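Notes for the one structure printed next.
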Amino acid sequence: MEVDPDAKLDEELIVRPTSETIIWHTYKNWIQSYRDLPLLINQWANVVRWEMRTRLFLRTAEFLWQEGHTAHATEAEAEEETHKMLEVYRKFAEEWMAMPVLTGAKSEGQKFPGAVYTLCIEAMMQDRKALQAGTSHFLGQNFAKAFNVQFQSKEGKLEYAWATSWGVSTRLIGGLIMTHSDDQGLVVPPRLAPIHVVICPIGKNPEEQKATAEVADKLAADLVALPRDEFYGYDTMTVKVDRDFEKSPGFRFNEWELKGVPVRVEIGPKDLASNACVLARRDQPGKEGKLMGVPLAEAATRIDALLREIQNKLFEKAKAFRDANMHQIDSYEEFKKKIEAPGGFFLAHWDGTKETEDKIAEETKATIRCIPFNLGKEEGKCMVTGNPSKQRVVFAKSY
RNA sequence: CGGGGUGUAGCUCAGCUUGGCUAGAGCGCUUGGUUUGGGACCAAGAAGUCGCAGGUUCGAAUCCUGUCUCCCCGACCA
């Protein structure tokens, strides 16, 4: 390929079609025998897309994503991989981001065009709109046939490889923000927080400032010395001591809340007098979330326990909100009203046709977010056409 | 590219309908003092070609014409 000298960019930008084309073009040269399988390539790629309107974090013209591509000798193994990766994404969303998700399959209309089927995780944001947070595709032999990728099996026969692909993107950051944050600012779940604990020594004169800062440093050292475990990804806790005495304590408290640091420790002269400190938890902003008079000797272990509790509470709170705004619904008239206000996820019977899906989307702006794995497994009648339905599917307005 | 909105101090905005003293407020900034456990207080002060160009008028941030900027809604892709 030659670049037009007059159109050459300072920083070269390569625009390509869907990743599968370049991956499978390459796999053709790598796969000859069943011994070459399974094959997995993961890449981080900066993606550029034409977007009529962008939305911070959720729909940017350029974004970073992770994408994996696998090739397998059997259909069953590829399908297993598709489900396995969806589970990896579910665990990351729920256990690290504290963002509850529904798992399920996309409808024919919503799946990736090159896929046999698409699985997804779907989250509910605080405005009750849905966010697709990750997808995992079973591609069948579609790309192997398109790029003629065949391998010789144990039996000596030529067979087309079976494929999957899956990915998540920086969109997850938008999801994290829109799941947990409040009017005081960002709320970051402890397991992903760049700073776990901020310690604010307080003092109105140099003597007090020096004394409280020393205790703050000691506590910071205690926290960093705590045993490493899986909760922190086997890394040490990150602790910041805020010595900005120029600003008022109240200003500093608010500023750290704005940044979403999960736990703040306040150490002032009064605490020093009683060998104690104050713990403030970000998931309960303001004075309500404060634990007064925590003995300094216990502070490190109490903070460690508090971080774990906050992680759980954030997930439970988000899940309770999601569940409180997810309803079974059977009347299309009622659906049309409730999708407008209050909104949320609606479990409804659908006859499985594109026509009905399109009609609902056109009339209500709601789409099928997923055909859930674990919900609504009952037969019924489509809320629009009355035709038979095998199970309920999730409708919502989405980003 | 259509429809709607917007542009005034570093930031957020009021003033425009119905032209009229020297264009305002909050926040921020500077100086001095008092303060410091939830975004400190008092006082003084600096700071604006009212997006740009033209026009109407004795007089334009305000009315008219043109032009530009940014934002919102619209392409079935979330």
Side-chain angles (χ1 to χ4, degrees), chain A residues 17-18 47-63 65 106-114 118 120-123 125 129-135 137 167-172 174-175 178 183-185 198-209 211-213 215-216 242-259 261 264-274 276-282 284-294 354-355 357-370 396-399:
Chain A
T18 188
V47 183
V48 176
R49 281 183 178 169
W50 167 252
E51 290 292 354
M52 187 173 73
R53 191 164 305 106
T54 59
R55 193 176 177 106
L56 195 61
F57 290 115
L58 302 183
R59 284 167 72 82
T60 41
E62 183 174 7
F63 60 93
W65 81 6
K106 286 293 184 190
S107 65
E108 279 298 302
Q110 300 271 345
K111 74 173 189 185
F112 173 55
T118 293
C120 63
I121 53 174
E122 291 280 329
M125 303 293 99
K129 285 171 77 173
L131 184 77
Q132 179 181 112
T135 48
H137 313 290
V168 293
S169 76
T170 41
R171 164 172 254 224
L172 286 177
M178 294 175 74
D183 289 348
Q184 330 307 323
V198 63
I199 307 175
C200 298
I202 297 159
K204 56 175 172 279
N205 55 56
E207 292 72 38
E208 287 179 355
Q209 290 170 3
T212 53
V215 175
D242 170 15
R243 310 159 169 279
D244 190 357
F245 295 107
E246 289 300 311
K247 296 194 176 71
S248 74
F251 185 93
R252 292 154 70 200
F253 299 165
N254 281 286
E255 194 159 63
W256 290 112
E257 281 181 3
L258 200 60
K259 292 182 178 182
V261 177
R264 182 183 67 250
V265 184
E266 303 166 12
I267 302 175
K270 290 176 205 164
D271 298 306
L272 239 47
S274 56
C277 62
V278 174
L279 305 187
R281 50 192 296 174
R282 180 60 184 88
Q284 292 172 13
K287 290 179 178 171
E288 297 73 29
K290 284 195 181 186
L291 292 163
M292 317 294 282
V294 175
K354 179 107 174 28
E355 290 68 35
E357 185 178 3
D358 290 347
K359 176 183 160 74
I360 293 169
E362 193 179 322
E363 293 180 352
T364 68
K365 303 281 182 207
T367 50
I368 296 174
R369 302 319 307 156
C370 71
K397 292 192 183 184
S398 76
Y399 283 106

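We use all heavy atoms of the structure for the numbers below, so side chains are in, but hydrogens, waters and symmetry mates are not. On a predicted model such as this, the values are computed, not experimentally measured, just so you know. Per chain, numbering begins at 1; letters A, B, ... match sequence-line order.
A salt bridge does not link Lys270(A) to Glu208(A): none of the charged side-chain nitrogens sits closer than 4.0 Å to a carboxylate oxygen.
The separation between Glu207(A) atom CD and U36(B) atom P is 15 Å, rounded to whole Å. Whole-Å rounding puts the Glu246(A) CD to C29(B) P distance at 12 Å. Computed from coordinates, the Arg243(A) CZ to U36(B) P distance equals 22 Å when rounded to whole Å. Rounded to an integer number of Å, the gap from Asp242(A) CG to G39(B) P is 16 Å. A40(B) atom P lies 16 Å from atom NZ of Lys204(A), rounded to whole Å.
When heavy atoms are screened at a 4.0 angstrom cut-off, Asn205(A) is found touching no nucleic acid atom at all. At a threshold of 4.0 angstrom between heavy atoms, the contacts of Lys397(A) with the nucleic acid are absent.
When distances are taken from the side chain of Arg264(A) to each of G39(B), G37(B), G38(B), the shortest belongs to G38(B). Here G39(B) is the nucleotide among G39(B), G37(B), G38(B) with the atom lying nearest to any side-chain atom of Glu255(A). Closest contact between the side chain of Ser248(A) and the listed nucleotides A40(B), G37(B), G38(B) involves A40(B). Among G39(B), G38(B), G37(B), the nucleotide with an atom closest to any side-chain atom of Ala280(A) is G38(B).
A60(B) and A53(B) have their P atoms separated by 15 Å, with the value rounded to a whole Å.
Distance check: Thr135(A) OG1 to Gln110(A) CD gives 12.0 Å after rounding to the nearest 0.5 Å.
Nucleotide U31(B) forms a Watson-Crick or G-U wobble pair with A43(B), both donor-acceptor distances falling under 3.5 Å. Nucleotide C50(B) is matched to nothing when pairs are restricted to Watson-Crick or G-U wobble geometry with both distances under 3.5 angstrom.
Cation-pi contact between Arg264(A) and Phe253(A): present, with separation from the ring centre below 6.0 Å and deviation from the ring axis of at most 45°.
The base of G37(B) lies outside donor-acceptor range of the side chain of Lys287(A), with no N or O pair under 3.5 Å. No donor-acceptor contact under 3.5 Å links the side chain of Arg252(A) to the base of G37(B).
Taking the nucleotide of RNA chain B with the nearest heavy atom to each of Lys270(A) and Ser398(A), the more 5' of the two is matched to Lys270(A). Summary of the strand contacts: Lys111(A) and Arg55(A) both lie near RNA chain B, and taking for each the nucleotide with the nearest heavy atom, the more 5' one is attributed to Arg55(A).
For Phe57(A), there are no ring pair (Phe, Tyr, Trp, His ring centres under 6.0 Å) partners two or more places apart in sequence or in a different chain.
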